[in-house]
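Here the structure is laid out as structure tokens; the discussion comes afterwards.
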Amino acid sequence: MATYLTPALAWRRLREGNERFVAGESSHPNQDASRRSSLVETQNPFAVIFGCADSRLAAEIIFDLGLGDAFVVRTAGQVIDDAVLGSIEYSIGVLGVPLIVVLGHDSCGAVIATKNAVETGEMPAGFIRSLVERITPAVLTSMRNDQHDVNDMVVENVKQTSQRLVDSSRVISDAVEGGRAAVIGLAYRLAEGRADLVSGIGELQ
């Protein structure tokens, strides 16, 4: 059954789940056999969560979700590529998901690697270089704003990634402009388990 939630209601549902997780009162919804059976033919997630691949950032756990609740896409440093855009476009265009969440976190290794590369001028080897190149604009913006802490850079990366999703994809931008979807940026704190809102694009009232 479709959720038909507005972007604002989808965000409220995520926020309430995160509050339960922070309080140690997770209810672990939609994780039983009947839920599994009900999803065999269809899915109607109410949010797409594009987060960092970090093992401590398991979306369904930190937002107290279950099967079929969230369409989850993850890359290190939540770096965008064509596969990410295609996955999110599918969630918006085909599944009708009303909310895109860009989820970063403090002490992010990909952002730390980028900060080190910018400061030393030495790029990492292999495909990690590709991650660093895509995160570099956020690190440079933070430095220009006299914000040299890695966690400030994480927030800037979340904000720039959110804007880039809208700028890069007509499917996403049309959904946001039409009020069918919104994009929010969240910064997750590893110690507290809390996901704080740091940016928003679209209608969240």
Side-chain angles (χ1 to χ4, degrees), residues 3 5-26 29 45-66 69-80 84-85 87-88 91-92 97-112 114 131 134-135 137-139 141-142 145 147 149-169 172 175-176 181-205:
T3 53
L5 292 180
T6 63
L9 287 172
W11 165 224
R12 189 168 88 181
R13 190 165 161 190
L14 282 181
R15 202 166 59 239
E16 289 170 350
N18 183 236
E19 287 169 358
R20 291 193 302 272
F21 172 70
V22 170
E25 298 170 354
S26 296
F46 71 88
V48 53
I49 300 173
F50 174 36
C52 183
D54 190 291
S55 63
R56 299 164 291 183
L57 208 66
E60 288 90 348
I61 295 175
I62 68 175
F63 293 110
D64 194 22
L65 303 174
D69 288 335
F71 192 90
V72 180
V73 182
R74 295 171 69 178
T75 63
Q78 67 275 355
V79 163
I80 297 171
V84 167
L85 286 170
S87 299
I88 297 176
S91 74
I92 297 296
V97 173
L99 185 66
I100 299 171
V101 177
V102 178
L103 180 63
H105 65 97
D106 52 14
S107 305
C108 177
V111 176
I112 292 170
T114 305
L131 299 176
R134 290 166 196 249
I135 298 171
V139 169
T141 298
S142 291
N145 293 334
Q147 294 178 317
D149 185 82
V150 165
N151 296 336
D152 292 326
M153 295 172 179
V154 165
V155 170
E156 182 62 35
N157 188 43
V158 167
K159 291 177 179 176
Q160 290 195 15
T161 300
S162 299
Q163 189 62 53
R164 200 169 297 127
L165 286 176
V166 176
D167 292 344
S168 301
S169 167
I172 296 171
V176 170
V183 182
I184 61 172
L186 302 180
Y188 178 77
R189 290 185 280 181
L190 293 171
E192 295 95 341
R194 189 176 304 282
D196 295 319
L197 185 70
V198 296
S199 66
I201 304 170
E203 193 64 50
L204 266 179
Q205 300 303 317

Taking Asp69 for the side chain and Phe46 for the main chain, is one N or O donor matched with an acceptor at less than 3.5 Å?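 Pair absent, no side-chain N/O of Asp69 close to backbone of Phe46.
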side-chain contact (heavy atoms from CB on, under 4.5 Å) between Ile88 and Phe71: does it pass, once the steps are laid out? CA-CA 8 Å; Ile88 297 176; Phe71 192 90; over 6 Å; no
If you compare all heavy atoms of [X] against all heavy atoms of [Y], which two are closest, and at what distance to 0.1 Å?
X: Ala181; Y: Val97; result: CB-O, 4.1 Å
X: Ala10; Y: Leu5; result: CA-CD1, 4.0 Å
X: Cys52; Y: Gly77; result: SG-N, 3.3 Å
X: Ala182; Y: Pro7; result: CB-CB, 3.7 Å
X: Val84; Y: Val79; result: CG2-O, 3.8 Å
X: Ser107; Y: Asn151; result: N-OD1, 2.9 Å

Side chain proximity check, [X] to [Y], heavy atoms < 4.5 angstrom:
X: Ile61; Y: Phe21; value: yes
X: Lys159; Y: Thr141; value: no
X: Asn145; Y: Asp152; value: no

For Glu19, enumerate each residue passing the side-chain hydrogen bond (donor to acceptor under 3.5 Å, both in side chains) test, keeping only those at least two apart in sequence or located in another chain.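 side-chain hydrogen bond (donor to acceptor under 3.5 Å, both in side chains) list for Glu19, sorted by chain: empty.
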Can you name the side-chain hydrogen bond (donor to acceptor under 3.5 Å, both in side chains) partners of Asp54, sequence neighbours left out?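 Listed in chain order: Arg56.
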[X]: what forms a side-chain contact (heavy atoms from CB on, under 4.5 Å) with it, not counting sequence neighbours?
X: Ser169; answer: Leu85, Glu89, Val171, Ile172
X: Ser142; answer: Gln147, Met153, Glu156
X: Ala70; answer: Ile49, Leu65, Val72

Taking atom [atom1] of [X] and atom [atom2] of [Y], what is their separation to the nearest 0.5 Å?
X: Arg13; Y: Asn18; atom1: CZ; atom2: CG; answer: 14.5 Å
X: Leu197; Y: Ile184; atom1: CG; atom2: CD1; answer: 5.5 Å
X: Leu9; Y: Leu14; atom1: CG; atom2: CG; answer: 11.5 Å
X: Arg20; Y: Asp64; atom1: CZ; atom2: CG; answer: 4.0 Å
X: Ser162; Y: Asp167; atom1: OG; atom2: CG; answer: 10.5 Å
X: Thr161; Y: Ile135; atom1: OG1; atom2: CD1; answer: 7.5 Å

When the side chains of residues 185-195 are checked against the rest of the protein, which donor-acceptor pairs come out under 3.5 Å, sequence neighbours left out?
from, atom 1, to, atom 2, distance (Å)
Arg189, NE, Asp196, OD2, 3.0
Arg189, NH2, Asp196, OD2, 3.1

Which is it for Thr6 and Trp11 under the side-chain contact (heavy atoms from CB on, under 4.5 Å) test, yes or no, and what are the steps along the way? CA-CA 9 Å; Thr6 63; Trp11 165 224; over 6 Å; no
Apply the side-chain contact (heavy atoms from CB on, under 4.5 Å) test between Phe50 and each candidate in Ile80, Val183, Leu103; give the one that qualifies.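 So, applying the side-chain contact (heavy atoms from CB on, under 4.5 Å) to Phe50 and each of Ile80, Val183, Leu103, only Ile80 qualifies.
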Salt bridge check: are Arg12 and Glu16 linked by an N-O gap of less than 4.0 Å?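 Salt bridge between Arg12 and Glu16, a charged N being under 4.0 Å from a carboxylate O: yes.
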